[in-house]
Amino acid sequence: MIKGVLFDIDGVLLDSFESGLHFFGDVLTKMGHPRPSRARYKKMFHLPLELALQHMGKSELTEDLERLHEIVDTVPYRTELLSEPLHMRETLDILSKQYKLAIVTSRNKQGLTKRYFPFAHTEKYFPVRVTREDVIHYKPHPEPLLLAAKRLRLKPSECVYIGDSHTDIDAGVSAGMQTILYGGKKHKGASVHTRTFKNLPMIIARL
């Protein structure tokens, strides 16, 4: 029986691709490098910022990691480009009355508390939040999900993780959790696939 529901942020609780694309491009510009194409950024969208820079494969970008945090603090985040999925808030209301909820994200704490929550105001739903500073290994390693389950005081088998990428599903499967793939992608390892928040209460009740 499912007792805990874990959510990814980007691509699930929040449509942040456009905002992330501009933010990442602005960070690169501040470093003196060209912006990535939409296609290239799409491959890095779910990576933490440092890993996304490393994914670019340029040694000079890796050297710039030492001054990344001071640069990030000077780059505005385009909140006007953010949006949330339909039925998200009413679904969280329903789920929070039946399950323990948590966030497991590759964002850092600042990306959670200074960017996501001021936009979404969903803090009350998520007493447990795991960010990349909380772990040594990032998704698709199961460590972030296992830590969330531990903080919820639940067994991994009592939890379901909702994500939108193959990385999320791989992490959930490795953690021994049920998984829900949200959005238009497919993954044979996912327990269920859905494109709408409205279906989540019914789906989770059947797991």
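Here the structure is a predicted model, which is why all the values come from computation and not from measurement.
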Response to the item:
Here the salt bridge (charged side-chain N to carboxylate O under 4.0 Å, His left out) pairs for residues 173-190, sequence neighbours left out, are none
Worksheet item: Side chains of Leu82 and Tyr116: does their closest heavy-atom pair fall under 4.5 Å?
Response: no
Worksheet item: Which other residues belong to the hydrophobic cluster containing Ile169, where Ile, Leu, Val, Met, Phe, Trp and Tyr are joined when side-chain heavy atoms lie under 4.5 Å apart, directly or via other members?
Response: Val173, Leu181
Discussion item. Between Ile203 and Ile94, is there shared hydrophobic-cluster membership here, with clusters defined by ILVMFWY side-chain heavy atoms closer than 4.5 Å?
Written reply: no
Worksheet item: Does any pair with a residue in residues 71-109 pass ring pair (Phe, Tyr, Trp, His ring centres under 6.0 Å), and if so which ones, sequence neighbours excluded?
Response: Phe23-Tyr77
Discussion item. Using the side-chain contact (heavy atoms from CB on, under 4.5 Å) criterion, which residues pair with Val135? Sequence neighbours excluded.
Written reply: Val130, Tyr138, Glu143, Pro144, Leu147
Item to complete: Consider only side-chain N and O atoms of His187 and Asp170, and report whether a donor and an acceptor are under 3.5 Å apart.
Response: yes
Discussion item. I'd like to check the salt bridge (Lys or Arg N to Asp or Glu O under 4.0 Å) partners of Arg132; sequence neighbours left out, ordered by chain and number.
Written reply: Glu50
Practice prompt. For the residue pair Leu112 and Phe117, establish whether any side-chain heavy-atom pair is separated by less than 4.5 Å.
Written response: yes
Worksheet entry | Contacts of type side-chain contact (heavy atoms from CB on, under 4.5 Å), residue Ser96, not counting sequence neighbours | Leu101, Tyr125
Worksheet entry | Spacing of OG belonging to Ser19 relative to CD belonging to Glu80, to within rounding of 0.5 Å | 7.0 Å
Practice prompt. With sequence neighbours left out, write down each residue that passes salt bridge (Lys or Arg N to Asp or Glu O under 4.0 Å) with Glu84, or none if nothing qualifies.
Written response: Arg89
Worksheet, complete the sentence: Correct closest heavy-atom pair for Thr196 and Asn199 would be CG2-ND2, 3.0 Å
Worksheet item: Closest approach of Pro118 and His121, non-hydrogen atoms and distance?
Response: O-NE2, 3.0 Å
Response to the item:
By salt bridge (Lys or Arg N to Asp or Glu O under 4.0 Å), Arg151 pairs with (sequence neighbours left out) Asp134
Residues 3-17 side chain polar contacts: donor-acceptor under 3.5 Å, at least two apart:
residue	atom	partner	partner atom	Å
Lys3	NZ	Glu158	OE2	3.3
Asp8	OD1	Lys139	NZ	3.3
Asp10	OD1	Ser16	OG	2.4
Asp10	OD1	Arg107	NE	3.4
Asp10	OD1	Arg107	NH2	2.8
Asp10	OD2	Arg107	NE	2.8

Response to the item:
Of Ile103, Leu152, Val104, Leu154, the one forming a side-chain contact (heavy atoms from CB on, under 4.5 Å) with Val128 is Leu152
Worksheet item: Hey, would you say the Phe24 and Phe45 ring centroids sit under 6.0 Å apart?
Response: no
Discussion item. Using side-chain heavy atoms (C-beta onward) and a distance below 4.5 Å, is Pro201 in contact with Thr91?
Written reply: yes
Worksheet entry | Joint cluster assignment, Leu92 & Phe119, ILVMFWY side-chain distance < 4.5 Å | yes
Practice prompt. Go through the structure and list residues passing salt bridge (Lys or Arg N to Asp or Glu O under 4.0 Å) with Arg195, not counting sequence neighbours.
Written response: none
Worksheet item: Mind checking what makes side-chain contact (heavy atoms from CB on, under 4.5 Å) contact with Leu207, not counting sequence neighbours?
Response: Ile2, Val160, Gln178, Ile180, Ser191, Val192
Worksheet entry | Spacing of Ile204 atom CD1 and Arg206 atom CZ [to the nearest 0.5 Å] | 12.5 Å
Worksheet item: Partners of Ala175 by side-chain contact (heavy atoms from CB on, under 4.5 Å), sequence neighbours excluded?
Response: Pro142, Leu145, Leu146, Met177
Fill in: Validation row: Leu28, Arg35 side chains within 4.5 angstrom (heavy atoms)
no
Worksheet item: Between Tyr41 and Pro36, which heavy-atom pair has the shortest distance, and what is it?
Response: CB-CG, 4.3 Å
Discussion item. I'd like to know if the side chain of Asp168 pairs up with that of His46 as donor and acceptor (distance under 3.5 Å, no hydrogens or angles considered).
Written reply: no
Worksheet item: Can you tell me if Thr105 uses its side chain to pair, donor with acceptor, with the backbone of Thr131 under 3.5 Å?
Response: no
Discussion item. How close do Ala149 and Cys159 get, counting heavy atoms only, and between which atoms?
Written reply: CB-SG, 4.0 Å
Fill in: Main-chain N/O of Gly183 paired to His193 side chain as donor or acceptor, under 3.5 Å
yes
Practice prompt. Report, as yes or no, whether the 6.0 Å neighbourhood of atom NZ on Lys109 holds more than 12 heavy atoms from other residues, nucleotides or ligands.
Written response: yes
Discussion item. Tell me whether Ser174 contacts the main-chain N or O of Ala171 through its side chain, where contact means a donor paired with an acceptor under 3.5 Å.
Written reply: no
